[in-house]
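Quick notes on the structure that follows.
If you read the sequence from its start, that first residue is 1, and numbering goes on from there.
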Amino acid sequence: AYAYYDGVQAVKVSVYAAAGANGTSVVRAAKEIAAELSTDTVTVSLTDDSSEFISDSVSNVLVSMLIGGVLAVVVIFLFLKKVKPSLIISVTMPLSVLGALFFLFAMGITLNMVSLGGLAVGIGMLVDNSVVVIENTYRLRALGESTVKSAVSGARQVGGAIAASTLTTICVFV
């Protein structure tokens, strides 16, 4: 399309990323092409850079997930008033996220708003399920069972309910 840019006649060309393409990579490639095409008499420039918005959005989601994880551990500590379960959950959250990132990478899924949102929901479910198992384990310990037996029995007793709850959420997302 013909247009004016800074008061000078210009030609406007729109470049869109194909479905499933990495928008940041497309913008990077467009910038490289623009630099190659620019001469002393012709200036090629990008006027709308969506990669900044994408990068900012991903950064915001990552920061929100980090803050949410820290707040979840603090709330769990305040609720349970015990250090060990809080530490267990604070260690399992990053390990679970790393495992999920490994599988996303292995399946060729890029980090985007949807996959990061799914990770955030997964962290929430992990914390929720952890609290249920830990509370049941502590209940059994209070009844006099050994540490190992209460951990195994506690997880087994609530395992079906946790699996059903998690599968229900997965079905909603699928």
Side-chain angles (χ1 to χ4, degrees), residues 17-29 31 49-174:
N22 184 330
T24 306
S25 297
V26 171
V27 170
R28 188 178 319 116
K31 286 180 179 179
D49 184 354
S50 64
S51 67
E52 292 174 16
F53 172 75
I54 293 168
S55 296
D56 289 345
S57 297
V58 170
S59 295
N60 287 340
V61 171
L62 289 172
V63 168
S64 296
M65 284 174 54
L66 182 63
I67 292 170
V70 170
L71 288 175
V73 171
V74 169
V75 167
I76 288 168
F77 176 73
L78 294 174
F79 176 70
L80 297 177
K81 295 180 177 68
K82 294 180 174 83
V83 175
K84 278 186 181 179
S86 302
L87 289 176
I88 291 169
I89 294 171
S90 67
V91 169
T92 58
M93 276 193 297
L95 290 176
S96 297
V97 170
L98 287 175
L101 290 174
F102 172 77
F103 282 110
L104 288 174
F105 177 75
M107 294 179 358
I109 298 172
T110 60
L111 287 182
N112 54 42
M113 297 302 289
V114 175
S115 59
L116 288 174
L119 281 174
V121 170
I123 289 171
M125 292 180 66
L126 172 71
V127 171
D128 184 43
N129 294 344
S130 299
V131 168
V132 170
V133 172
I134 288 169
E135 275 296 305
N136 198 39
T137 301
Y138 273 96
R139 182 184 64 82
L140 293 174
R141 289 272 298 144
L143 293 175
E145 287 191 17
S146 70
T147 304
V148 174
K149 187 175 181 186
S150 63
V152 172
S153 297
R156 186 175 291 137
Q157 288 175 0
V158 295
I162 288 174
S165 171
T166 303
L167 287 173
T168 303
T169 305
I170 289 171
C171 289
V172 168
F173 276 99
V174 169

Residues 162-174, side-chain donor-acceptor partners within the protein, below 3.5 Å, at least two apart:
{"residue": "T166", "atom": "OG1", "partner": "N129", "partner atom": "ND2", "Å": "3.2"}
{"residue": "T166", "atom": "OG1", "partner": "I162", "partner atom": "O", "Å": "2.9"}
{"residue": "T168", "atom": "OG1", "partner": "A164", "partner atom": "O", "Å": "2.7"}
{"residue": "T169", "atom": "OG1", "partner": "S165", "partner atom": "O", "Å": "3.2"}

Counting only pairs under 3.5 Å, give me each side-chain donor-acceptor contact of residues 60-77, with atom names and distances, residues two or more places apart or in other chains.
{"residue": "N60", "atom": "ND2", "partner": "D56", "partner atom": "O", "Å": "3.3"}
{"residue": "S64", "atom": "OG", "partner": "N60", "partner atom": "O", "Å": "2.9"}

All N/O donor-acceptor pairs, side-chain side in residues 92-104, below 3.5 Å, sequence neighbours left out:
{"residue": "T92", "atom": "OG1", "partner": "I88", "partner atom": "O", "Å": "3.1"}
{"residue": "T92", "atom": "OG1", "partner": "I89", "partner atom": "O", "Å": "3.1"}
{"residue": "S96", "atom": "OG", "partner": "T92", "partner atom": "O", "Å": "2.8"}

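Remark: the backbone N or O of T147 is paired with a side-chain donor or acceptor of S150 at under 3.5 angstrom.
Residues Q157 and L140 have side chains in contact (heavy-atom distance under 4.5 Å, counting atoms from C-beta outward).
By the 6.0 Å contact criterion, CZ on R156 is open, its count of non-hydrogen atoms from other residues, nucleotides or ligands being 12 or less.
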